[in-house]
Amino acid sequence: MKKFAMLLGLAVVCVGFSTCRDKNSEKPEPPIDMTQYDNYYMYYEEKIELEKLNNKSYILFENKDIQVVSQQLTDIGIEMEAWPLNISNSAENPNGYLKNCTQAVVYVGIEEINEIKKLIYIAPFYTDLSREEIGITAELSVVLKRESDLPKLKQLCENNRVLFLGKDTIRTEYYILACTQASMGNALQMANLFYETGLFETAIPGFITTIHPIN
Amino acid sequence: MKKTLVILLAIIGLSACQDNISENVQEITIGTRSATNTLEYYYWCNEEKIPLRILTDKYFVLTETTTSENLVQEFEKTGQKALSFRRERNFSYIEGISDNKFEIFKKAHSYIVSGGRPNTKDKILYSTPFYKNIQDEEIGITNEFSVILKNDADLPKLKHLAEENGVLFLGKEAIRKEYYALACTIDSKGNALEMANLFYETGLFEAANPEMLTKISPGVIMDPAFPDQWNLHNTTNLGNDINYLNAYSLGFPHIDDVIVAVIDNGVVSHHPDLPLYHLSFDAHTLSTPSVVYGSHGTNCAALIGAQHNNEGIAGIAPGVKLMPISIKYDADPGDGWTSSADIARGIRWAVNNGADILSCSWGNGGSSVDINREIQYALTEGRDENRGCIVVFATMNDSRSTVSYPANSNPGILAVGNMTSIGKRNGSSNYGKELDIVAPASHIPTLSTNLGTTYFSGTSAACPQVAGVAALILSANPNLTSKQVGDIIELTAQKVGGYGYSLKPDRPNGTWHSEMGYGLVDAYAAVALAPHFSVMPQSISGPESAVWDTAVSYSVSTSGLQAAGITFNGWSVVPSAAGDGWASSNYSSTTFNVTFTGMGEYTVKANFTLPGNIPYSLTKIVNVPVNLITPQIAFLGGDPSPIGRYGVVSAGVTNPQYVGGRLMPGMSFEWQVNGETFAEEIGGYGAFPNNGLGSSFALRCRSHLRNYVSEWSNTLYVTVGPGMRGQPLSQPSRQELERLWLEMVEAAREEAESSRAE
């Protein structure tokens with residue numbers, strides 16, 4: 001009964017999304033408040049609180065736009081640390097989504113780069129309780145409870161304008177999804193939303209962190 | 001005169017046995033005669049008899065060179081295997097030897113024949129069996145032995161004895177000039193072992209040593225940086241190393257079957273001292289091969305697998321397959337950001353490509369479900385038959401009392417801290433409840449990316465050493481599970497540094513300390529235990545709590561131990577003096593009945609000896625609780641002056657904790673007066689009837705306590721053992737003490753007067 005109610009809720013959300021869906025437009029206003037899925041991530045059954053950083057953001061853009069993006073950032077005095085996105089190495093990605101993209105960390109809050117053109121995806125950085133900085137990439141990964149749940153995952157992706165990239169090439173029980181600016185939220189919000197539907201074993205947002213050698 | 005008599009007796013003794021020897025023309029009768037003519041196998045070393053056990057399937061054989069090839073073929077026909085040892089004997093080490101005299105030996109070809117007794121008698125000049133020593137090492141005896149004279153004037157005696165026993169006197173050695181060389185033939189009255197013993201036991205010579213054939217491991221590691229590798233052999237502070245040289249002597253037979261994934265910032269592929277496995281992966285770009293982003297990975301990998309090749313340093317597990325999985329650190333050139341999902345993929349790639357061990361000298365603060373799930377995957381799904389990968393992480397170097405992520409994220413991880421050369425925790429090494437083990441890692445040599453050597457420190461350097469020892473364990477027993485390898489490392493750890501290691505309920509593998517974990521990793525003990533671990537009992541059965549003065553039983557299974565060469569040596573209990581004797585105990589049975597007559601914490605040990613004479617114990621902590629009942633205060637007498645010096649307490653406890661004028665182990669008393677605590681002083685009076693109900697006892701406060709004990713401060717606690725504080729007591733007021741004292745004095749006076757009147 002509970003699952004039925006959940007699916008019904010999702011269906012309502014789906015209808016809501018469909019009505020305002022415009023593939024070429026900016027991000028639509030979601031029918032639910034996505035901020036409720038912000039500022040935490042699920043660590044197994046535990047909510048880990050995050051604090052948003054105002055001086056660092058994660059961005060994604062196509063390789064061909066690197067000069068444009070770089071120039072725009074330089075014009076407003078913002079530094080960028082960029083490196084290639086290897087999405088095709090991590091997911092089957094038969095549609096070639098985000099295939100030729102560059103990811104970057106910019107040292108400014110997301111509010112200050114909303115006007116930058118050609119950005120496919122923007123997400124904030126956070127700090128966790130140990131003050132470690134965590135960036136949210138465009139990627140999220142989901143493990144199904146049963147293979148037969150795959151249509152539900154695809155439907156939820158469609159409803160939330162999340163790209164379905166297919167199976168993880170190495171961790172084959174994972175499905176890889178990716179968010180863009182057209183999605184209903186960033187990868188953190190989407191992972192939380194997906195996980196809290198109760199439909200999946202896990203839904204993990206893509207993190208970037210700094211890894212320290214120990215000497 | 002005496003010496004002559006000894007020689008004479010020896011010759012007579014030999015003559016008596018000569019028939020035995022002569023009967024066997026081709027094969028020398030083995031068995032060496034001691035002075036008492038007892039037949040036994042041994043040789044002399046530093047005035048000590050070293051016992052030997054004869055082998056019946058391996059022989060030293062001497063044959064003529066001309067017939068040797070045909071002989072080998074004949075051996076093979078009968079299923080025997082002949083290994084050429086010396087094609088021709090070069091007597092150049094003898095001064096002035098006559099070629100003609102020893103022509104037969106000069107042309108002799110010696111073999112080691114295994115698979116049974118050689119049966120081609122007519123072509124064999126000489127044969128003698130092999131032996132095994134107490135360490136189970138095979139020892140062959142050639143036909144030669146050497147003698148050192150006590151005085152040069154004794155040379156005629158040596159020649160005479162040789163002649164009497166049919167032994168050839170070859171002459172003085174050219175290199176070891178104090179030695180004289182001799183050789184036995186089939187006409188000698190014994191083989192070289194027997195003759196050496198006989199000659200030595202005449203007392204005429206300083207030494208008489210048979211020439212022995214043994215397998216020599218490359219026991220001396222010649223890598224130029226090895227003398228500085230104090231982590232492997234600490235010559236300054238003995239015992240504060242991983243006991244590597246002893247481990248090395250055991251050999252690592254299957255080390256080239258073990259794959260260690262070094263998840264780090266890449267390992268240089270062109271270092272002559274550091275060959276790499278052909279499989280590698282770059283988790284940053286999710287592609288093969290791995291990439292070198294910095295020097296850290298090479299520094300780590302070298303500690304595990306640097307070759308023993310007279311170059312650079314000596315790795316712990318030379319020959320192991322090193323599989324670099326590159327990730328990128330914040331300090332590496334270029335961008336410093338790493339995707340947790342990509343690290344997870346790197347781990348998965350390593351596991352799916354056969355990694356047995358993951359060595360991870362890194363950490364970060366962001367707990368990641370991605371990484372956690374992969375660690376769990378490695379621990380449970382890795383290796384054949386899901387034995388699980390051994391996952392080793394460094395605790396990091398923040399000088400914190402908490403182990404960092406990911407080392408703290410899964411109890412199956414081996415979390416490794418850093419120890420200094422004097423056996424102490426390095427101040428920077430994170431520690432805490434997840435710490436499992438430490439390794440010596442403060443300024444140790446390793447390889448650099450520029451093909452040279454450098455020095456390396458921190459838990460980064462500690463982690464690969466434990467990974468290396470894990471590789472040695474798998475080389476000794478590839479069938480062990482991940483948990484078993486971790487258990488072996490923890491069970492065999494060395495309790496160094498003088499820390500108060502103790503047993504903890506959630507730490508089953510022996511005593512543990514928050515700064516050192518189970519202690520310093522011991523490569524030798526771990527490798528020695530590994531082959532036998534599956535037959536070793538894992539724990540002692542029996543209660544963890546016992547009632548005072550009530551018998552309890554503990555047991556271990558010894559099934560299969562004897563076949564594995566493991567000896568059960570019985571039981572022990574510490575503190576041994578605690579019980580003041582055991583009501584009933586049988587120390588040698590696998591079941592141990594014991595009565596604890598004291599209270600507190602006891603350690604019951606089942607003791608074993610592993611092959612190689614290595615001690616090994618299982619331990620169980622047993623708590624015998626103290627049960628205070630509400631104590632009462634009473635004044636029992638004593639010097640009341642100054643008033644309040646004596647806090648006199650009558651208390652009841654369910655067990656007597658004050659026996660024979662001393663406290664039982666683990667127990668202490670303290671007074672607490674108005675929030676201030678004072679250690680006890682125990683008076684020599686008071687009594688505890690051993691009836692289990694308790695009675696009165698006396699405690700004398702420190703003299704300065706009198707300042708606090710007055711008619712206005714009357715709260716007093718008695719604490720027995722940690723956290724076992726009794727109910728607050730009502731301390732007698734000064735007036736009350738004075739009244740009691742006067743009553744006692746008056747009673748004593750009346751009693752005295754009464755006595756006088758009578």
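Hydrogens, waters and symmetry mates are skipped; everything else that's a heavy atom, side chains included, is used. In what follows, every chain begins at residue 1, and chains take the letters A, B, ... in the order their sequences are listed.
Checked against the 6.0 Å centroid threshold, A:F207 and B:W337 do not count as a close aromatic pair.
Rounded to the nearest 0.5 Å, atoms OG (B:S368) and OH (A:Y41) are 7.0 Å apart. In this structure, the separation between OG1 on A:T210 and CH2 on B:W362 is 12.0 Å, given to the nearest 0.5 Å.
Using a 4.5 Å cut-off between heavy atoms, A:I176 touches chain B through its side chain atoms alone. For chain A, the nearby parts of B:N372 are the backbone and the side chain; heavy atoms of each come within less than 4.5 Å. Proximity to chain B is limited to the side chain of A:T202, based on heavy atoms less than 4.5 angstrom apart. The part of B:F281 that comes within reach of chain A is its side chain, from C-beta onward, which places non-hydrogen atoms under 4.5 angstrom from that chain. With a 4.5 Å cut-off on non-hydrogen atoms, B:D370 touches chain A through its backbone and its side chain both. For A:T137, no part lies under 4.5 angstrom from a heavy atom of chain B.
Looking at heavy atoms from C-beta onward, A:V143 lies in side-chain contact with B:R373 at the 4.5 angstrom threshold. When side chains are defined from C-beta on, A:T209 counts as touching B:S340, because their heavy atoms get closer than 4.5 Å. In this structure, the side chains of B:I327 and A:I211 come closer than 4.5 Å at one or more pairs of heavy atoms.
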Pair B:Y405-A:E132, side-chain contact (heavy atoms from CB on, under 4.5 Å): steps then yes or no: CA-CA 11 Å; B:Y405 180 83; A:E132 198 75 19; over 6 Å; no
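Side-chain contact of A:Y174 with B:R348: a donor-acceptor pair under 3.5 Å is absent, judged by distance alone.
Nearest heavy-atom pair, A:Y43 versus B:S367, reported as atom, atom and distance to 0.1 Å: CE1-CB, 3.5 Å. Scanning both residues, A:N89 and B:T285, for their nearest heavy atoms gives ND2-O, 2.6 Å.
At most 12 heavy atoms of other shown residues, nucleotides or ligands fall within 6.0 angstrom of atom CD in A:E79. In this structure, B:K433 places its NZ atom where only 12 or fewer heavy-atom neighbours from other residues, nucleotides or ligands lie under 6.0 Å away. By the neighbour-count criterion of 12 heavy atoms within 6.0 Å, atom NZ of A:K52 is densely surrounded, having more than that number from other residues, nucleotides or ligands.
We find that B:R345 and A:E139 are joined by a salt bridge, their nearest charged nitrogen and carboxylate oxygen being less than 4.0 Å apart.
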